[in-house]
Each structure stands twice: as structure tokens, then as C-alpha cells.
Amino acid sequence: MSEISVIVSTYNRPDALGATLRSLGRQSDRGFEIGVADDGSGAATRDAVKAWTLKLGVPLKHVWHEDRGFRLAEIRNRAIAVSSGNYLVFLDGDCIAPSGFVAAHRALAEPGFLVGGNRVLLSHALTNQILANNLEPEAWGLASWVLRRVRGDINRLLPLLRLPLGPLRKRLADEWEGVRGGNFAVHRADLERVDGFEAFFTGWGLEDSDIVIRMLRAGVRRKDGRFATGVLHLWHPESDRSGFAANQVRLDALIKSDRVRALSGLSSLTHERAAVAV
């Protein structure tokens, strides 16, 4: 397979982004590039990206647009547009990836299929310990995680287990619910069939459901990435959900229609030029 592009979304959380980038720098599979999709962060994030660029050992591009509210779908499209990989892996910038993360996604990659991964939620206290002390949980063994589960520092253990599910990975091939934008992957050609993410989704929520529904309509099937691609999700305060109701209206309208392509997707990136640092 050609090179993979890992698209890492972020907004004004440089400490968590640093942990994410560090974990990507330790991947056993080195055949990938990173695109940081920055939804309008300040200078601290730019400085963090610049510092990690020299340490990672893989190409990194920082794609930024002006802070005009929550525009995650659009900035992901902008990062996709400047990426070069034939396979796209999406990861939130507050998720720490185990060393086999990229290799697992590569192993599961298949034309005509998207792969949805999962996550372990870390407690507020454990997140603070990790970020304040530069701890490296991507290197911790299972015994350490069992202890932290007993202590209540994580919500579950199963995403950390690695099991060969074989044909069971396709048992949810036509189901859109449950795929999260913070850990999923798809071939570029399959994503382009639906023109990428729908930029009309602004504010938190449901842009991932929208693109999965449209890809299923385009003939792309779902493959389960659980027990292979799980990541560690650092705690954060609940996002502002004031735009959720409007996004739900958008999703409901999509479900009632037969539309496949985004109304404002990759092909609509002409209005505002994003800043790209390589």
C-alpha cells in the first residue's frame, strides 16, 4: 500500500496534542505522514507542532484556518486536501496511540471498506498525571492497565486487547451507528466518492455519522477495528453542545434523503485559504 496519512484534529490543547504526536513518533510502522488539522488554535499549538516536527521522524504538515467557531469537518477536509496518502487515518488530538496503531490500520485496510476503531477513556486525575509529568502511557503493559481499571482511572480494558476477529470484522458492514471520527480510516478514493466531510456541520457532534451514512450509500462497507486499533482518550471537559440540535436536524434531513455527496465538501474548498506549514 502507498503511504498513509494520519489526520490529527486539534483545537487549543497543545499539551494533549504533544502526547498524541509523541505516540505517533513511536509507531512500529514508519510509512506514514501526519497532517495536523488545526481548527483555529493559538500560538502555543503552532509552537508545539513546530517543536515536534523535528522529533517525529515522519513528515508533518500543520493545516490551520481562522478560529470562527467549531469547524472540525471543514478543517479535516483542508488537511485531507494537502495530504498525499492513499489511505487516511483520522485521530483526535487528545488520543494517544499504541505503537502498533498505524500497523493495525494498515493491516485492516481494504478498498471499499471504512474501519471504525474505539478508545479507552482516561480519568481527569490520570490525564493530569500524564500531561503534568510527561508520562508515556502508550508504553504501559496490560498489567498496568488492569491496575488502573481497578482504581477507576479508566472506563474499560477491552479496547486495549488485541484479537484476530477475522470475518467477524465485517458483521456490522451496513451499520453506521458507533463509528467515531476520532479513530477511523478509509481509502482516499472511497472518501472522495462522497466529497469528504460535510462542512455545514458546525459545532460539536454528528459530522462523523453524516459521512459514514453517505459512504455506506456510496457502496463503502464498514469493518470493525475493535481489538486492533484502540487508543487512549485523554479526559477533557464536555464540549459546548449548543449547536448539537441544529446538527441533529441536518443529520435527520440526510437520513430522509438519498444524498451521497457533501453539500459543502472537498470540492468546495475555495472560499478561505488555509495556512499550511511543512
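Residue numbers start at 1 and run along the sequence shown. FYI, side chains are in, hydrogens and waters are out, and symmetry mates aren't considered; it's all heavy atoms of this structure.
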- Verify same cluster id: Val249, Phe200 (apolar side-chain graph, 4.5 Å): no

- Arg259 side chain reached by Arg214 side chain, heavy atoms, under 4.5 Å: yes

- Determine, using the 4.5 Å side-chain heavy-atom cutoff (strictly less than), whether Leu88 and Val212 are members of one ILVMFWY cluster. yes

- Kindly write out the residues that satisfy ring pair (Phe, Tyr, Trp, His ring centres under 6.0 Å) with Trp145, not counting sequence neighbours, or none if the list is empty. Trp140

- Query: Between the main-chain N or O of Gly85 and the side-chain N or O of Ser5, is there a donor-acceptor pair closer than 3.5 Å?
  - Reply: yes

- Item | Which atom of Leu172 lies closest to which atom of Arg226, heavy atoms considered | CD1-NH2, 3.6 Å

- Message: Between Lys256 and Asp252 (salt bridge meaning N to carboxylate O under 4.0 Å), is one present in this structure?
- Response: no

- Query: About how many Å separate OG1 of Thr10 and CG of Leu91, when rounded to the nearest 0.5 Å?
  - Reply: 10.5 Å

- Flag, side chain of Glu33 to backbone of Ser84, donor-acceptor distance under 3.5 Å: yes

- Can you tell if the side chain of Asp190 reaches within under 4.5 Å of the side chain of Arg193, non-hydrogen atoms only? yes

- Item | Approximate separation, where rounding is to 0.5 Å, of Leu266 CG and Arg188 CZ | 8.5 Å

- Query: Taking it one step at a time, do Val89 and Val102 satisfy side chain to side chain contact (heavy atoms under 4.5 Å, CB included)?
  - Reply: CA-CA 8 Å; Val89 177; Val102 171; over 6 Å; no

- Residue pair Asn183, Cys95: steps toward the side chain to side chain contact (heavy atoms under 4.5 Å, CB included) verdict: CA-CA 9 Å; Asn183 180 7; Cys95 289; over 6 Å; no

- Query: Are Leu147 and Leu122 joined in one hydrophobic group, where the rule is that I, L, V, M, F, W and Y side chains link up if heavy atoms are under 4.5 Å apart?
  - Reply: no

- Min side-chain heavy-atom separation Lys170-Phe113 under 4.5 Å: yes

- Mind running side-chain hydrogen bond (donor to acceptor under 3.5 Å, both in side chains) on His233 and Asp94 for me, showing each step along the way? CA-CA 6 Å; His233 189 175; Asp94 55 7; 3.2 Å; yes

- Item | Considering all heavy atoms, the nearest Asn247-Gly203 contact | ND2-O, 3.4 Å

- Message: Donor-acceptor check, side chain of Asp195 to backbone of Ser267, threshold 3.5 angstrom: yes or no?
- Response: yes

- Item | Smallest separation among heavy atoms of Leu24 and Gln27, with atom names | O-CG, 3.2 Å

- dist Leu121:CG -> His236:NE2 (nearest 0.5 Å) comes out at 8.5 Å

- Are any of the side-chain nitrogens in Glu136 or Arg26 under 4.0 Å away from the carboxylate oxygens of its partner? yes

- Item | Trp235 CH2 to Asn128 CG distance, which is reported to the nearest 0.5 Å | 7.5 Å

- So, does Glu207 use its side chain to make a donor-acceptor pair with the main chain of Ala73 at under 3.5 Å? no

- Joint cluster assignment, Phe70 & Leu206, ILVMFWY side-chain distance < 4.5 Å: yes

- Where is the tightest heavy-atom contact between Asp224 and Arg171, given as atom of each residue plus distance? OD2-NH2, 4.1 Å

- Message: When you compare the side chain of Arg13 with that of Leu234, does any pair of heavy atoms fall below 4.5 Å?
- Response: yes

- Query: Hey, is the main chain of Leu263 close enough, under 3.5 Å, to the side chain of Glu198 for a donor-acceptor pair?
  - Reply: yes

- Sidechain N-carboxylate O distance under 4.0 Å for Arg221, Glu110: no

- Task: List the steps, then state whether side chain to side chain contact (heavy atoms under 4.5 Å, CB included) holds for Ser257 with Arg217.
- Result: CA-CA 11 Å; Ser257 75; Arg217 287 178 179 171; 3.7 Å; yes

- Item | Rounded distance (nearest 0.5 Å) linking atom OG1 of Thr20 with atom CD of Glu138 | 9.5 Å

- Item | Closest non-hydrogen atom pair, Leu60 against Leu56 | CD1-CD1, 3.2 Å

- Quick one: does Leu161's side chain get under 4.5 Å of Leu142's, heavy atoms only? yes

- Task: For residues 144-162, pull every pair meeting salt bridge (charged side-chain N to carboxylate O under 4.0 Å, His left out), keeping only residues two or more places apart or in separate chains.
- Result: none

- Query: Do the side chain of Arg78 and the main chain of Val63 share a donor and acceptor less than 3.5 angstrom apart?
  - Reply: no

- Within a strict 4.5 Å, meaning less than it, do heavy atoms of the Ser9 and Phe90 side chains meet? no

- Message: Under 4.5 Å between side-chain heavy atoms, counting indirect links through other Ile/Leu/Val/Met/Phe/Trp/Tyr residues: same cluster for Phe227 and Val231 or not?
- Response: no

- Item | side chain to side chain contact (heavy atoms under 4.5 Å, CB included) assessment of Ile211 paired with Leu191 | CA-CA 9 Å; Ile211 195 170; Leu191 184 120; 3.8 Å; yes

- Task: Please collect all salt bridge (charged side-chain N to carboxylate O under 4.0 Å, His left out) contacts where either partner lies in residues 80-93, sequence neighbours excluded, each pair once.
- Result: Arg76-Asp92

- Item | Test: Glu74 and Arg68 ion pair at under 4.0 Å | no

- Message: Quick check against the 3.5 Å criterion: does Arg222 have a side-chain atom that pairs as donor or acceptor with the backbone of Glu177?
- Response: yes

- Any side-chain heavy atom of Arg250 within less than 4.5 Å of one from Phe201? yes

- Message: Checking the side chain of Arg169 only, and the main-chain atoms of Leu108 only, is there a donor and an acceptor separated by less than 3.5 Å?
- Response: no

- Look only at the side chain of Asp39 and the backbone of Ile75, and say whether a donor-acceptor pair between them is shorter than 3.5 Å. no

- Within the 6.0 Å centroid threshold, strictly below: Phe32 and Phe101: no

- OG-CD1 distance between Ser123 and Ile130, expressed to the nearest 0.5 angstrom: 8.0 Å

- Message: Using a 3.5 Å distance criterion without hydrogens, assess whether the side chain of Arg22 forms a donor-acceptor pair with backbone atoms of Asn134.
- Response: no

- Are side-chain heavy atoms of Trp176 and Ile255 found at a separation under 4.5 Å? yes

- Note on the structure: Smallest heavy-atom separation, Pro137 atom then Ile96 atom, equals CG-CD1, 3.6 Å

- Message: Check the orientation of Phe184 and Phe197. Use parallel for under 30°, tilted for 30 to 60°, and perpendicular for over 60°.
- Response: perpendicular

